[in-house]
A.B. asks: 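Got a structure for you, written out below as structure tokens; questions coming shortly.
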Number of protein chains: 2
Amino acid sequence: MRMSERVEWAAHCAVLLALLPDGRSLTAAQLAEYHGVPGPYLAKSLQALMQAGIVASRSGRSGGYRLARAADAVSLLDVFDAIEGEGAFFRCTEIRRRGPSRVAAARYTPVCGVAGAMWEAEQAWRASLARVNIADLAAGTVADAPPEAVAKGVRWLATVRVT
Amino acid sequence: MRMSERVEWAAHCAVLLALLPDGRSLTAAQLAEYHGVPGPYLAKSLQALMQAGIVASRSGRSGGYRLARAADAVSLLDVFDAIEGEGAFFRCTEIRRRGPSRVAAARYTPVCGVAGAMWEAEQAWRASLARVNIADLAAGTVADAPPEAVAKGVRWLATVRVT
DNA sequence: CCTAACTCGGATATCAGATATCCGAGTTCT
DNA sequence: AGAACTCGGATATCTGATATCCGAGTTAGG
Ligand code: SF4
Ligand code: SF4
């Protein structure tokens, strides 16, 4: 059970957008160049973030992406759900209701113990991710990254066409 | 991000084995019939449980599977890891080190904030699953299942060839 | 106001992992 | 010793993820 690497891309894009000066935006191609990932494929992830209301896009000649709301109002869980969809890790196949011990469907409890335990674990996971927001990650990124890398990033930002 | 349905099969197999009378075992074909799943494919999951030391197999004419240790010493997490492997949900691609802001690899912190948050959430998930063991699930299954289903299960167990 | 260029958005090929299955090696009872 | 039955790993098929393309729509500029 491995999550799509697009989640990592989307999270880092959100962090970078959070670090932009006010009013500034970046195109899909610029975000792809900065992270060194295939551009047309990253676009797909940005579309997902858009449908989830995390980023806003502006079309046309000077278009691009920017965060749709304040960075501290976007949790890492929001990003994950936007990319991976909201389906649970564990999906019941109702194997209780097959085989020789089956009885009428109405007689069963809604979920058995296995499903309950899985659901509870998943809630713990989601709660942990929900506690982290993009603003925290952006601050941490600047603080933890090598100073030279930050400087190079700022320099790069100055070279790309302002949109 | 969806977990394999084989995890559900394996968990239910473990519960059923935990409910068996002492010394009794079931073949892969019998476990498959009871749960209504494709036999040869379930065998693959049982092999995984075997390699993880959760079940023990006995070959030959009166062979079959039984739990390798006490049911309360097998957690749901053990079953999950046996089937899905132990790789983390989130795997770093090190996109920090690509693109225009990269610097020498040695200058980076081991993991960035994104990876740290993901890892922490995963630990919460694992801790929750580790708190549930097969003995609890077995007791819950008998308590929550429709009495008639339990009776049919017991009857079925009496009809299959004793191994 | 018109043009032109540039953007996003969804529709389209390619690939990996999961799903489902088979037959041979080994073991136990007769 | 023999025979039948078991597990175990090696083998096809298929769904979902990965990577890409071109058209619809929008904005800046002339
Ligand atoms: S409720 Fe239990 S038996 Fe039914 S599908 Fe979910 S895990 Fe399987
Ligand atoms: S440490 Fe951060 S930047 Fe590096 S691969 Fe992991 S998530 Fe991506």
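So that the names make sense, note that chain A is the first sequence line, chain B the second, and so on, each numbered from 1.
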A.B. asks: Go through residues 2-11 of chain B and report each residue with a non-hydrogen atom lying under 4.0 Å from DNA chain C, sorted by number.
C.D. replies: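 Of all residues in residues 2-11 of chain B, the ones placing a heavy atom under 4.0 Å from DNA chain C are B:Ser4, B:Glu5, B:Arg6, B:Trp9.
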
A.B. asks: In whole Å, I'd like the distance from the CZ atom of B:Phe89 to the P atom of D:dA17.
C.D. replies: 16 Å

A.B. asks: Can you see if the side chain of A:Gln51 gets near the phosphate of C:dG9 - specifically, an N or O under 4.0 Å from OP1 or OP2?
C.D. replies: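 False: A:Gln51 side-chain N/O out of range (4.0 Å or more) of C:dG9 OP1/OP2.
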
A.B. asks: Is A:Arg6 paired with A:Glu8 through a side-chain N to carboxylate O contact shorter than 4.0 Å?
C.D. replies: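 Not counted as a salt bridge, because no side-chain N and carboxylate O are separated by less than 4.0 Å.
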
A.B. asks: Between A:Met1 (CE) and C:dT19 (C1'), how many Å, whole number?
C.D. replies: 18 Å

A.B. asks: Show the atom names and distances, to 0.1 Å, of all donor-acceptor pairs under 3.5 Å that link a side chain in residues 113-138 of chain B to residues at least two apart or in another chain.
C.D. replies:
| from | atom 1 | to | atom 2 | distance (Å) |
| --- | --- | --- | --- | --- |
| B:Glu122 | OE1 | B:Phe89 | N | 3.1 |
| B:Glu122 | OE2 | B:Phe89 | N | 3.2 |
| B:Arg126 | NH1 | B:Asp81 | OD1 | 3.2 |
| B:Arg126 | NH2 | B:Asp81 | OD2 | 2.8 |
| B:Asn133 | OD1 | B:Ala135 | N | 2.9 |
| B:Asn133 | OD1 | B:Asp136 | N | 2.9 |
| B:Asn133 | ND2 | B:Asp136 | OD2 | 3.4 |

A.B. asks: Tell me if a side-chain donor or acceptor on B:Arg107 pairs with a main-chain N or O of B:Ala104 at a distance below 3.5 Å.
C.D. replies: no

A.B. asks: Assign A:Pro38 to base, sugar-phosphate, or nothing according to its heavy-atom contacts below 4.0 angstrom with the strands shown.
C.D. replies: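 Sugar-phosphate, backbone atoms only, no base.
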
A.B. asks: Above 12 or not: heavy atoms from other molecules or residues under 6.0 Å from CZ of A:Arg2?
C.D. replies: no

A.B. asks: Rounding to a whole Å, what distance do you find between B:Arg91:CZ and D:dA17:C1'?
C.D. replies: 14 Å

A.B. asks: With the threshold set at 4.0 Å, does a side-chain nitrogen-carboxylate oxygen contact exist between A:Arg91 and B:Glu5?
C.D. replies: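 Not counted as a salt bridge, because no side-chain N and carboxylate O are separated by less than 4.0 Å.
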
A.B. asks: Using a cut-off of 4.0 Å on non-hydrogen atoms, how would the nucleic acid contact of A:Ala29 be classed: base, sugar-phosphate, or nothing?
C.D. replies: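 If one applies the 4.0 Å heavy-atom cut-off, A:Ala29 turns out to touch nothing in the nucleic acid.
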
A.B. asks: Does B:Tyr41 have a side-chain nitrogen or oxygen under 4.0 Å from the phosphate oxygens OP1 or OP2 of C:dT21?
C.D. replies: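 False: B:Tyr41 side-chain N/O out of range (4.0 Å or more) of C:dT21 OP1/OP2.
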
A.B. asks: Provide, to the nearest angstrom, the distance between the CD1 atom belonging to A:Ile83 and the P atom belonging to D:dA17.
C.D. replies: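 Those two atoms, CD1 and P, are 12 Å apart.
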
A.B. asks: Let me know the distance between NZ of A:Lys44 and P of D:dC21, rounded to the nearest Å.
C.D. replies: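 Result: 15 Å.
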
A.B. asks: Between the side chain of B:Lys152 and the main-chain N/O of A:Arg102, is any donor-acceptor distance below 3.5 Å?
C.D. replies: yes

A.B. asks: Short of 4.0 Å, heavy atom to strand atom, which residues of residues 54-65 of chain B count as contacting DNA chain C?
C.D. replies: B:Arg58, B:Ser59, B:Gly60, B:Arg61, B:Ser62

A.B. asks: Under 4.0 angstrom, heavy atoms only, what part of the nucleic acid is A:Ala43 near: base, sugar-phosphate, or nothing?
C.D. replies: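 The residue A:Ala43 makes no contact with any strand.
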
A.B. asks: Send over the distance from B:Leu42 CG to D:dT6 P, rounded to a whole Å.
C.D. replies: 15 Å

A.B. asks: Do you reckon B:Leu19 sits in the same ILVMFWY cluster as B:Val160, going by side-chain contacts under 4.5 Å, direct or chained?
C.D. replies: yes

A.B. asks: Please check the phosphate of D:dG9 (OP1 and OP2 only) for any side-chain N or O of B:Gln47 closer than 4.0 Å.
C.D. replies: yes

A.B. asks: From A:Leu77 CG over to A:Glu84 CD, what is the distance, rounded to the nearest 0.5 angstrom?
C.D. replies: 12.0 Å

A.B. asks: Is any side-chain heavy atom of B:Thr109 closer than 4.5 Å to one of B:Arg96?
C.D. replies: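 Yes, side chains in contact.
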
A.B. asks: D:dG9 P sits how many Å from B:Leu49 CG, rounded?
C.D. replies: 13 Å

A.B. asks: How many whole angstroms separate atom CZ of A:Arg66 from atom P of C:dT7?
C.D. replies: 17 Å

